[in-house]
Every structure is written in structure tokens, then in C-alpha cells.
Protein chains: 2
Amino acid sequence: MVTLTEENYIKEIYHLAKQGENNVSTNALAKAMETKASSVTDMVKKLSEKGYVDYKKYQGVALTKQGKHIAVGIVRKHRLWEVFLVEKLNFSWDEIHEVAEQLEHIKSEKLIKQLDAFLEYPTHDPHGDPIPDETGKIKSIDKILLSQAQIYDTCICVGVKDSSSEFLKYLDKNEIALGTKLTVMHKEAFDNSVTINVNNNLLIISNLIANNLFIKLS
Amino acid sequence: MVTLTEENYIKEIYHLAKQGENNVSTNALAKAMETKASSVTDMVKKLSEKGYVDYKKYQGVALTKQGKHIAVGIVRKHRLWEVFLVEKLNFSWDEIHEVAEQLEHIKSEKLIKQLDAFLEYPTHDPHGDPIPDETGKIKSIDKILLSQAQIYDTCICVGVKDSSSEFLKYLDKNEIALGTKLTVMHKEAFDNSVTINVNNNLLIISNLIANNLFIKLS
DNA sequence: AAATATTTTTAGTCTAGTCTAAAAATATTT
DNA sequence: AAATATTTTTAGACTAGACTAAAAATATTT
Ligand SMILES: [Mn+2]
Ligand SMILES: [Mn+2]
Ligand SMILES: [Mn+2]
Ligand SMILES: [Mn+2]
């Protein structure tokens, strides 16, 4: 039996490992979980005893095969629920995270299987993140950050790296959504800002924004 | 802040009070919660301090206005989710309870409001139980138990008192569902069994069954 | 290679919720 | 009205998860 708290730790280890080194440090995990390092040490010992992580004192943690399996299952549920909230319940993409954060812990094989079918087997969530399939397989598309695009590149927006409400609302305000077509018109060397053409309007985007928007060249 | 455990206690007090005396006894609550009387005493003290129940030592508990409000909210969520599972995810009525038991604790005003709209404001759950509206109002239809019907009464099945999987499967097997029309053909004085006509088939029903099936005379 | 800074772990405490065993209160019999 | 049975509460202990403060290990400077 995996408790809700254990699930949250496992999921966070998964996310941190995905975008950093293999071994997740106690401090990094503490920060992500908004808790203290000492609490993390305790939990990590427990997860290790249960076989969900490999842990050696002072060396950080990495998920075992079993741990990874659990993590992927939670991510799958989280993202399917996000699709549900947007597609069926008219939530906007900046309102869904905290609700999905709760729903991801509901335990029922049938529920998630039926939900998947009901949503017609979506492959990506409303933020452009891939949804693992029933077997845990994740098909990732080859996306790059807008900051990496070259001048005169034409591309479509396929995802966000930061999915905070603030960032998403900024995008809404500037009429950038998943599927929106953009062309890079200018790259300012001084501050790495980018001028893009969106819906025939020019928009100047800071480097921070460009670093959090995934695009696909077209 | 109401914890998940507190919510479950409050809901159970609500259900027990609804079908018994006003003050719910420690033992009754312990049995319903599948826990020990001593645990109930502790929890009941806490609920009392938080203002959700009135409690005097050795006298049992009753929900306060605030407690009742919380209870009704949980019941509303539970039943709306049950409708969702049956109507949208093709669950059968005997598979939904334990999942709804989890879903009822998800905290999001908007979620439940949108779910309600998505389901087109259902008034009853798949077991025939009424769904409290947004303000907490419950409109109960005047139903009676099949065991109380008179000979040659014609009626329709509108709900179940026992919603255990076993009972529901029994009804499925005998092609009795909500909305099914029945006529009482015979009442056996010896064991209080009832012979009914369902879909032009005669079916003999034990008193226990007849005592758990709600009908409406027509 | 020391000295210093940072990270991580340990030790001890706290709250929520549960349990068993014993004590106290209430209900039921005689 | 006692005696007995049942219900309820108290006392003390346990686990999960979190926290603070101090100790130990590792990393970074000098
Ligand atoms: Mn979560
Ligand atoms: Mn997402
Ligand atoms: Mn519940
Ligand atoms: Mn129900």
C-alpha cells in the first residue's frame, strides 16, 4: 500500500530526476515538497525500505523500477484528469493543477481506464505534456524552447515548461495557446528577448517567457 | 479545515441520525466507522471543539448546523460522482460506491459546480437517493418499501435501501432496476415473502428483499 | 591541506488518528 | 434497591508524518 504522501514524494522524485541529474538530492526534494530536509530523510528511508527508491546516505535518491512504475501511473492520472477538467468541465488551463493534484490519488483501475476511453485516449494534457499510456509508455514529441528558435523560423506552440497560473494567464492575455502559429521576427542580443509574429501582431517576448514556451518547427 | 477523517465521521453521524434517534451513540458510530469506541470518543471530542457536533459525555452526538452543512456537502459530492460514474464512465450501480467514497473528499467548489452542470443537474443518484442541491436542499420523493405495499398494488421501483453490491447484483439478475414496474400478486403471511409480477414474470421475493426496495405507487 | 561553508542525518518532540486494557457511568435484571 | 451487564470514557502506547536543533559528512575556499 502506497500512502498519499508517499505518492507525492515518488512523483516529485520522478519529475526532478527527469530534468536534472539521476540522483535527486535531499535538499532539492525538500524544496520541491515544501518541507524540511530532515522530513525528507525520514521519508526517503521509508521509501527505500519499501523498495521504491535506491538510497545511500548522503548520496541522494533514485527511483527503482517499481518506484518509476508508480510515478508514471500518478502522472498518467494527473494528466488525464487535467484533460477531463478542460474538455468536459470547462476549466481553463490555469485552473486545473491543484484539482488534478488531488484527483491523481484516487485509486481505481477501472476509473482511469474508463476515463481514458471517455476522453478518447488523449496523448497530451492541456499544457502539452505527454500522457503515459496504460503500459506506462510515453511518446514525447520533438519540441524545443522558443528561445532556441532561429530568426525567421515559423513554428507552432506545443507546450509550456512552466505551468504556473501566472504564466498561463500571460499567454492567454497575449492570445498564445497550444496550436498557435508563430514566426520569429527578431532576436535581441542584448537581453535575449524575442520579437514574434502571432496572428499578424508583433509581440516582444522576454527571454524568460521564451525559455518557458515549447514549440515545434513547421 | 476539515480533514478527510473528520469528513467521514461527520457524514456517518449524518446518515445514522437520519435513520435512528437524534443522538448517535458512540458504539453505533464505532460500528459504522469500523473502528473502536475509544477512537470515536477521541474524535467526537475534537469535532465538538471544532463546533461540528454537540456532545455531552455518555449522551452521544448530534451534528450542529455547521456540521450538518458539511455533511450535506459531502453527500452531494458523493452522489454526483456516482451519477458521473454510471452515466459517463459506464460503471454499473454496484461498482460505484467505493470510488465515490474517495471522490467525495476532493475539494473544489468549481469542480462540483461544473460536474453538476455537466450531468445536467441530476436530482437522484443511481441508487435512487436524492442529491442535495447547491444550497443543501434535499427534495425527497414519497417512497415506501415494497414490503409495505398491498396486494394488487402496481408500483415502480424508485430506490434501494441497502446499496451493497450483493443486493444490487441480485436485482440485476432478476431484471429489477430503477424505473421497473411491478405488481404485487401475493403476500405470504407465514414468512412475509411477496410474489410480484415483473415484466410479466412472477417472482417470489423474500421479506428481506422487500424490505430493501423502495417503490412508488402508480 | 586546513579552514570554512553547505548539505545531510540524527535525536528528540509534536499532532492526528488508532489501539488495548482498565475505570467509570449508565442500563437492565433480579 | 442491589447486583449485574453494557456502554462509554480514560490512560497509556503506537505509527505516519512533520518540525527544530544539533551533529556528522561532504564540498568549497583559502
Ligand atoms: Mn498530489
Ligand atoms: Mn499538466
Ligand atoms: Mn469517504
Ligand atoms: Mn448512492
Side-chain angles (χ1 to χ4, degrees), chain A residues 1-14 16-17 20-63 67 70-71 74 101-102 104-107, chain B residues 1-14 16-17 20-63 67 70-71 74 101-102 104-107:
Chain A
M1 223 272 313
V2 191
T3 68
L4 188 147
T5 310
E6 287 168 355
E7 285 192 347
N8 280 332
Y9 271 93
I10 289 169
K11 186 183 64 162
E12 205 55 59
I13 294 168
Y14 176 82
L16 289 172
E21 30 253 76
N22 242 338
N23 277 39
V24 175
S25 79
T26 300
N27 259 4
L29 191 47
K31 194 175 170 190
M33 295 295 298
E34 301 182 57
T35 187
K36 298 299 157 116
S38 54
S39 306
V40 170
T41 301
D42 283 350
M43 177 55 81
V44 143
K45 280 180 188 166
K46 187 161 63 123
L47 294 176
S48 172
E49 268 162 33
K50 289 196 173 187
Y52 304 140
V53 301
D54 288 322
Y55 166 66
K56 261 184 251 131
K57 272 192 195 178
Y58 297 100
Q59 302 307 125
V61 278
L63 291 177
I70 291 169
I74 301 167
E101 210 54 42
Q102 299 177 62
E104 73 190 2
H105 301 288
I106 302 293
K107 285 176 180 68
Chain B
M1 220 272 314
V2 189
T3 69
L4 188 145
T5 310
E6 286 168 356
E7 285 192 347
N8 281 332
Y9 273 95
I10 290 169
K11 187 184 60 161
E12 204 55 60
I13 295 168
Y14 175 80
L16 289 173
E21 30 254 78
N22 241 338
N23 277 39
V24 175
S25 78
T26 301
N27 260 4
L29 190 46
K31 193 176 170 189
M33 296 295 299
E34 300 182 57
T35 187
K36 299 296 156 119
S38 54
S39 306
V40 169
T41 301
D42 283 350
M43 177 55 80
V44 144
K45 280 179 188 166
K46 187 161 62 123
L47 293 177
S48 172
E49 268 161 33
K50 289 196 174 187
Y52 305 140
V53 301
D54 288 322
Y55 166 66
K56 262 184 249 130
K57 272 193 195 177
Y58 298 100
Q59 302 307 125
V61 277
L63 292 176
I70 292 170
I74 301 167
E101 210 53 43
Q102 299 176 62
E104 72 190 1
H105 302 289
I106 302 293
K107 283 175 180 69

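In what follows, chains are A, B, ... by sequence order, proteins preceding strands, each numbered from 1. Heavy atoms only: backbone and side chains are in, while hydrogens, waters and symmetry mates are out.
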Fill in: Nearest-neighbour nucleotide for the B:Thr5 side chain, C:dT18, D:dA25, D:dA18 considered
C:dT18
Discussion item. Need the pair for C:dA22. Rule: Watson-Crick or G-U wobble, both distances under 3.5 Å, any strand; none if unpaired.
Written reply: D:dT9
Item to complete: Quickly work out the B:Lys36 NZ to D:dC14 P distance and round it to whole Å.
Response: 17 Å
Discussion item. Atom NZ of residue position A:Lys31 - does it have more than 12 heavy atoms of other residues, nucleotides or ligands inside 6.0 Å?
Written reply: no
Worksheet item: Starting at CE of A:Met43 and ending at C1' of D:dA18, how long is that distance when rounded to a whole Å?
Response: 10 Å
Worksheet item: Once you round it to whole Å, what is the distance between P of C:dC14 and CG of A:Asp42?
Response: 16 Å
Worksheet entry | Between CD1 on residue B:Ile13 and CE on residue B:Met43, distance to nearest 0.5 Å | 9.5 Å
Discussion item. Do A:Val44 and A:Tyr9 make a side-chain contact, defined as non-hydrogen atoms from C-beta onward lying under 4.5 Å apart?
Written reply: no
Worksheet item: Paired with D:dA18: which nucleotide, if any, by Watson-Crick or G-U wobble criteria at under 3.5 Å for both distances?
Response: C:dT13
Discussion item. Heavy atoms only, 4.0 Å cut-off, all strands: where does B:Thr35 land among base, sugar-phosphate and nothing?
Written reply: sugar-phosphate
Worksheet item: Does B:Asn27 have a side-chain nitrogen or oxygen under 4.0 Å from the phosphate oxygens OP1 or OP2 of D:dT8?
Response: yes
Worksheet item: How close or far is atom C1' of C:dA27 from atom CD of B:Gln59, stated in whole angstroms?
Response: 12 Å
Worksheet, complete the sentence: Rounded to whole Å, NZ of B:Lys50 lies from C1' of C:dT15 at a distance of 11 Å
Discussion item. Tell me which nucleotide, if any, is Watson-Crick or G-U wobble paired with D:dT29 when both distances must be under 3.5 Å.
Written reply: C:dA2
Worksheet item: Within the structure, does a side-chain N or O atom of A:Tyr9 lie under 4.0 Å from either OP1 or OP2 of D:dA16?
Response: no
Worksheet entry | Over all atoms of both residues, closest heavy-atom pair of A:Gly60 and A:Tyr55 | O-CD1, 3.7 Å
Response to the item:
Between CD of B:Glu34 and P of C:dC19 the distance, given in whole Å, is 10 Å
Item to complete: Could you pull out the closest heavy-atom pair between B:Ala62 and B:Asn23, with the gap in Å?
Response: CB-OD1, 3.9 Å
Item to complete: Nearest whole angstrom, please: distance from the P of D:dT7 to the CG of B:Leu29.
Response: 15 Å
Practice prompt. Would you classify B:Ser39 as touching base, sugar-phosphate or nothing, given that sugar-phosphate means primed atoms plus P, OP1 and OP2, and contacts are heavy atoms under 4.0 Å?
Written response: base
Discussion item. Can you say whether a donor on the side chain of B:Ser38 sits under 3.5 Å from an acceptor on the base of D:dT8, or the other way round?
Written reply: no
Worksheet item: Quick one: is C:dT9 close enough that its OP1 or OP2 comes under 4.0 Å of any side-chain N or O from A:Tyr55?
Response: yes
Worksheet item: In whole angstroms, how far is the P atom of D:dA23 from the NZ atom of A:Lys57?
Response: 16 Å
